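Below is one structure, written out as structure tokens, with a few remarks after it.
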Amino acid sequence: MNERRKPYPFDRLEPKWQAIWDETRAFHATNPGEENFDPNRPKFYVLDMFPYPSGAGLHVGHPEGYTATDIVARYKRLNGFNVLHPMGWDAFGLPAEQYAIKTGQHPAVTTRENVAKFKTQLKRIGFSYDWEREINTTDPAYYKWTQWIFLQIYNSWFNPDTKKAEPISTYRGDDADSVRLAYVAEVAVNWCQELGTVLANEEVIDGKSEVGGFPVVRRPMRQWMLRITAFADRLLDGLDDLDWPLSLKALQRNWISRSEGAEIEFPVADRRSEDTRNESAVIDRRYNIRVFTTRPDTLYGATYMVLAPENPLVDQITTSEHRNAVADYRSQIAAKSDLERTDLAKEKTGVFTGGFAINPVNNERIPIWIADYVLMGYGTGAIMGVPAHDTRDLEFARRFDLAVVPVVQAPGKTTEESIGYLEVGTAINSPLLNGLAREAATAKIIDWIEENGHGRRDIRYKLRDWLFSRQRYWGEPFPIVWANGKHQALSETELPLEPPALEDFKPTGTGEPPLAKAKDWIRYSENASRETNTMPQWAGSCWYYLRFCDPQNDRRFTGEEPERYWMGGEQPGGVDLYIGGVEHAVLHLLYARFWHKVLFDLGQVSKPEPFQRLVNQGMILGEDNRKMSKRWGNVIDPLDVIEIYGADAFRCYEMFMGPLEQMKPWSMKGVEGVSRFLARVWRLMMTENQAGEWEFAAAVQEVEPTKAQQKITHATIKKVTEDIEGLAFNTAISQMMIFVNAFTNLEVIPISAMRTFLVLLNPFAPHISSELWQQLKSPGEITGQRWPTYDEQVLVEDEVDIVLQVNGKVRDRIKAPLAATNADLETAALANEKVRKALGGQTVRKVVVVPKKLVNVVAA
RNA sequence: GCCGAUGUGGCGAAAUGGCAGACGCAACGGACUUAAAAUCCGUUUCUCGUAAUUGGGAGUCCCGGUUCGAGUCCGGGCAUCGGCACCA
């Protein structure tokens, strides 16, 4: 093997500095009240989305965000902040369990090994985490508090008057279990046979499981739910003040999706009067059909109704002669997967029930159909069909030849042409509303509906309550026991509730959780048994950022004072910078906000939102511009890169690739370029002697920098400072390259400029900058320095370049004294030979002068 | 269909409304070397012109607008990517 020569000895100095940082606890953050805590420094909490420690080890995507936060953490420390920069492991989850099923090895063992591997890898990159705060969601000392928080949720309800979570003891009704924020319900859930578990809506993508891509079917099951929908409005409103990417806020808004409108009741016409043509409302008072609509202003245009096939009312409404057709259709639909059913391309289907409803606004008898384009899971599972002003209804009406009555006139169109018009227009064919625009018509009709008892104003959300139980082994057991068919909470003193030791982790396949196999564990007392479901993977990550504030606390989930300090502080407070992938937009980031709001209402945390500023790093693609995957053979292992180029080069390349938020392809050649830059930095201050040993370069001397050197040094301080604040790390590195190029090949290099530069470089390349700082015999440790400041005065030029334009086209460039007046510049421009040549004989109409920049001569 | 993002050299990219392409990669040329690697120096948007230099023209997805001046602002398209999707 031909040993590749290292461009500088990173293989020696990187482990050296990593060991020093460990030994000196260089990045340990102290809490208020602890020794060495300095209350005069401002705080900064900079957080990564902690990883699931998979067996595959670190991927180049992980360190992208981690490097960005590490640069900010180191930068903030150099600026005198108390910085909280922790790391931990989100270690409950499917892969460890599936590995356990295959090999029989306990998931705890696999997890321990994977964590050790991840930690070694992260340390090799030189991240400045406070490892004394490391946490692991599978540690009983951690999930004790996950279970404790679940009990807070279980023991709370949402008071609609205060719009807050309150202890269940404040509830005055007679059925507390019906209002708890954690409740059990029989619902149509997403069941994945392959994984042997149910999944949350957020975990299902295109009818397949997010993990593994296995088919998911609808199936009614009794499950634990968390009442996140009660917080829908607050989760929406809270977004306004967060410094998050607009696209991510849009994703959450879209997911919650608030619709305002009305719930309207349509009475069912009495079947006994089927042959009467007279619609004078012989009404069957036993059941009304309730619909939700965002367009109550089109009520006069409702010419039919549609129920979801699963709607229980269908049985009551269907007449005997239509019973067979309806039954056929319903079984046909039941056999379809969600995917088939929601296929937009297919033609609308449906059957008539034989029943009629009465449109309350005009007493018209309208037919009731069932069709699979109406979903049981949204609104009331029934709609009023307004074919003239709804695309789907129109398609359905045309297919089955139902009446179409336009009730909104499009501007400049005839009544007939207004069919299919969805925008704002003027109400027609609507005695109560004629002539009104949408807003006024909507307000008026809702008033009418409410006054006449036909319904009420209503708001609906697409957001569903959070399906919180899983039929898995490797998760937090619920601190719940069942007695006489009722659930009750364990007391706090019984936490943590550890899962039973099991030989066989396999899902049962029946929907009964694996924990059901542990007969002894289940038996709680003579007549009570334990809940056998476990919590979903998201539970642990819903509050880990709070645990980081005070990770060893055994009396509380997090200490009140540390929480107030790190999560509170000045408005708006919270985590000051949170970086992670966009894939958690409607999962972790929504769930965590929900838990945080519950804890806030209960007085457990100091701010209503956890993450003040959030940034999504872009995905890193393979060199072939495809998503990295084993299938394409384009996966890059960070450790391989570090082996060849060193951790500093790896870190700098990850940041130099392009803007943090952007998707971008990997390039080994690019790593090499950045590695060359670091080698140039090294050789600026070090030379190799005859024996091949590196020694301090004689060129670096105690001399005053020249004016030009001062200028570039201050320009670099300014650019790097501003770019770190703006997370524009790629251009910060560009500027440092410009700096180094300017000092390359000089016979005398001022040591003061080098020291300043090393501090600027330190957050990006902490190892090489620490080593050179020491080689330069600089005072103290580089990590103890103050971030340099720049002087605008130094940056001011005596002479400036002035661009001369004629009609906006550049014709020449001249140098002018900084003090030159506009008149001076104008004169100089008009006297310029190239300007005069370009003007030809044209008349000068106007001269625009931008001081210190340009003169534009306008002529014709 | 709805929501969001993006569109600049051979490639990754840069540019408070004011010199488009900083910085890096690749390519080409040169220095050093017996040679190579490494290193250092230079050229490198396209096009026309020239023996060469100095030059001319065009150019930031397309069409229009605002402006003395537009990659940047406004209007309308197109394309690519991401999310949601029969949500009433």
Side-chain angles (χ1 to χ4, degrees), chain A residues 2 4-5 7 205-206 245-255 257-259 261 291-295 298 306 308 341-346 348 371-375 377-386 390-393 395-396 422 460-464 582-583 585-586 616 618-619 623 625 652-653 656-659 661-674 676-677 679-680 683 719 728 730-738 740-741 744-745 801-813 834 845-850 852-859:
Chain A
N2 217 341
R4 198 193 144 91
R5 211 182 150 284
I205 294 167
D206 290 337
L246 290 177
S247 58
L248 197 118
K249 289 189 188 186
L251 284 180
Q252 288 211 349
R253 290 201 178 100
N254 206 318
W255 189 259
S257 199
R258 175 186 157 106
S259 298
V291 303
F292 173 71
T293 177
T294 53
R295 294 296 305 275
T298 62
V306 186
R341 192 171 156 170
T342 56
D343 182 6
L344 275 171
K346 78 175 168 64
K348 293 266 180 296
D372 71 343
Y373 85 93
V374 174
L375 310 174
Y378 185 77
T380 60
I383 62 152
M384 63 181 202
V386 184
D390 182 282
T391 316
R392 298 148 305 182
D393 294 347
E395 204 185 316
F396 190 76
L422 310 176
R460 298 273 170 165
Y461 304 89
K462 262 175 16 183
L463 182 70
R464 313 277 75 188
V582 72
E583 66 273 16
V586 295
N616 293 124
M619 204 193 337
E623 300 223 39
N625 252 303
C652 289
Y653 175 66
F656 186 63
M657 291 172 82
E661 297 92 331
Q662 194 172 299
M663 193 192 288
K664 46 214 177 274
W666 187 266
S667 158
M668 274 307 182
K669 287 288 187 188
V671 186
E672 219 170 301
V674 172
R676 278 202 280 266
F677 157 66
R680 271 206 304 281
R683 289 195 310 270
K719 180 82 177 141
N730 53 331
T731 47
I733 294 172
S734 294
Q735 181 63 35
M736 290 191 279
M737 288 173 168
I738 291 170
V740 170
N741 291 345
T744 298
N745 289 344
D801 288 318
I802 302 292
V803 172
L804 302 183
Q805 297 182 332
V806 174
N807 291 333
K809 273 189 207 281
V810 179
R811 293 302 168 179
D812 203 4
R813 283 149 205 153
K834 287 183 183 162
R845 303 233 180 250
K846 187 175 173 184
V847 179
V848 181
V849 180
V850 182
K852 295 181 229 176
K853 282 219 172 96
L854 123 172
V855 181
N856 186 13
V857 181
V858 185

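The structure displayed is predicted, hence computed values, not measured ones. In what follows, chains are A, B, ... by sequence order, proteins preceding strands, each numbered from 1.
When each of Val849(A), Val806(A), Val848(A), Asp812(A) is paired with Val855(A), the side chain to side chain contact (heavy atoms under 4.5 Å, CB included) condition holds for Val849(A) and for no other.
Side chain of Lys846(A), nearest nucleotide from C68(B), A20(B), G56(B): C68(B).
For G18(B), neither phosphate oxygen OP1 nor OP2 lies less than 4.0 angstrom from any side-chain nitrogen or oxygen of Lys853(A). Between Gln662(A) and the phosphate of A13(B), there is a side-chain N or O to OP1/OP2 separation shorter than 4.0 Å.
The distance between atom CZ of Arg253(A) and atom P of A5(B), rounded to the nearest whole Å, is 12 Å. For the pair Lys719(A) NZ and U16(B) C1', the computed distance is 11 Å after rounding to whole Å. Spacing between atom CE of Met657(A) and atom C1' of C11(B) amounts to 12 Å, rounded to whole angstrom units. Whole-Å rounding puts the Tyr378(A) OH to A85(B) C1' distance at 13 Å. Leu854(A) has its CG atom 15 Å from the C1' atom of U16(B), to the nearest Å. Spacing between atom NZ of Lys249(A) and atom P of G4(B) amounts to 14 Å, rounded to whole angstrom units. For Glu661(A) and G4(B), the CD to P distance is 18 Å, given to the nearest whole Å. In this entry the distance linking CH2 of Trp666(A) with P of A13(B) reads 14 Å, nearest Å.
The nearest heavy atom of RNA chain B to Ser247(A) and to Val857(A) marks one nucleotide each, and the one closer to the 5' end goes with Ser247(A). Across the interface with RNA chain B, nearest-nucleotide mapping of Thr380(A) and Val803(A) shows Val803(A) to be the residue nearer the 5′ end.
Looking at Lys348(A), its side chain comes within 3.5 Å of the base of C86(B) through a donor and an acceptor atom.
Put simply, the side chain of Arg295(A) never gets that close to the backbone of Val386(A): no donor and acceptor are under 3.5 Å apart.
Pro659(A) comes within 4.0 angstrom of sugar-phosphate atoms only, judged by non-hydrogen atoms across all strands, and of no base. Among the heavy atoms of the strands lying under 4.0 Å from Val374(A) is at least one base atom, whether or not backbone atoms are also near. Backbone-only engagement by Thr294(A) is indicated by non-hydrogen atom pairs under 4.0 Å involving sugar-phosphate atoms exclusively. Nucleic acid contact for Arg683(A): sugar-phosphate only, since backbone atoms but no base atoms lie under 4.0 Å from a heavy atom of the residue. Backbone-only contact: Val858(A) has heavy atoms under 4.0 Å from sugar-phosphate atoms and none from a base. Contacts of Ser259(A) with the nucleic acid, taken as non-hydrogen atoms under 4.0 Å apart, involve only primed sugar atoms and P, OP1 or OP2. Note on Asp372(A): a base of the nucleic acid sits closer than 4.0 angstrom, heavy atoms only. Residue contacts shown for Arg258(A) are absent, as no nucleic acid heavy atom lies under 4.0 Å away.
Nearest heavy-atom pair, Tyr378(A) versus Ser259(A), reported as atom, atom and distance to 0.1 Å: OH-OG, 3.4 Å. Of all heavy-atom pairs spanning Asn730(A) and Gly658(A), the tightest one is ND2-C, 3.7 Å.
Shown here are the salt bridge (Lys or Arg N to Asp or Glu O under 4.0 Å) partners of Asp372(A), two or more places apart in sequence or in another chain: Lys336(A), Lys346(A). Under the side-chain contact (heavy atoms from CB on, under 4.5 Å) criterion, Thr744(A) pairs with Arg680(A), Leu684(A), Val740(A), not counting sequence neighbours. Applying the side chain to side chain donor-acceptor pair (under 3.5 Å) rule to Asn745(A) yields no partners; only residues at least two apart in sequence or on another chain are considered.
Between the C1' atoms of U6(B) and A13(B), the separation comes to 14 Å (whole Å).
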Which nucleotides of nucleotides 69-83 of chain B have their base under 4.0 Å from a protein heavy atom (B), which only their sugar-phosphate (S), and which neither (-), written as one string 5' to 3'? S-------------B
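Shown here, G9(B) is classed syn by the O4'-C1'-N9-C4 or O4'-C1'-N1-C2 angle, which is within 90° of 0.
For Lys348(A) and Phe396(A), the positive end is not near the middle of the six-membered ring at less than 6.0 Å and at most 45° from its axis.
G4(B) is paired with C81(B) under the criterion used here, namely a Watson-Crick or G-U wobble arrangement in which both key atom distances are under 3.5 Å.
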Got a list of protein N/O to nucleotides 58-61 of chain B N/O distances below 3.5 Å?
from	atom 1	to	atom 2	distance (Å)
A58(B)	OP2	Lys809(A)	NZ	3.2

Just the atom pairs and distances: protein N or O near nucleotides 23-27 of chain B's N or O, under 3.5 Å.
from	atom 1	to	atom 2	distance (Å)
G24(B)	OP1	Asn741(A)	ND2	3.1
C25(B)	OP1	Arg676(A)	NE	3.1
C25(B)	OP1	Arg676(A)	NH2	2.8
A26(B)	OP2	Arg676(A)	NH2	3.4

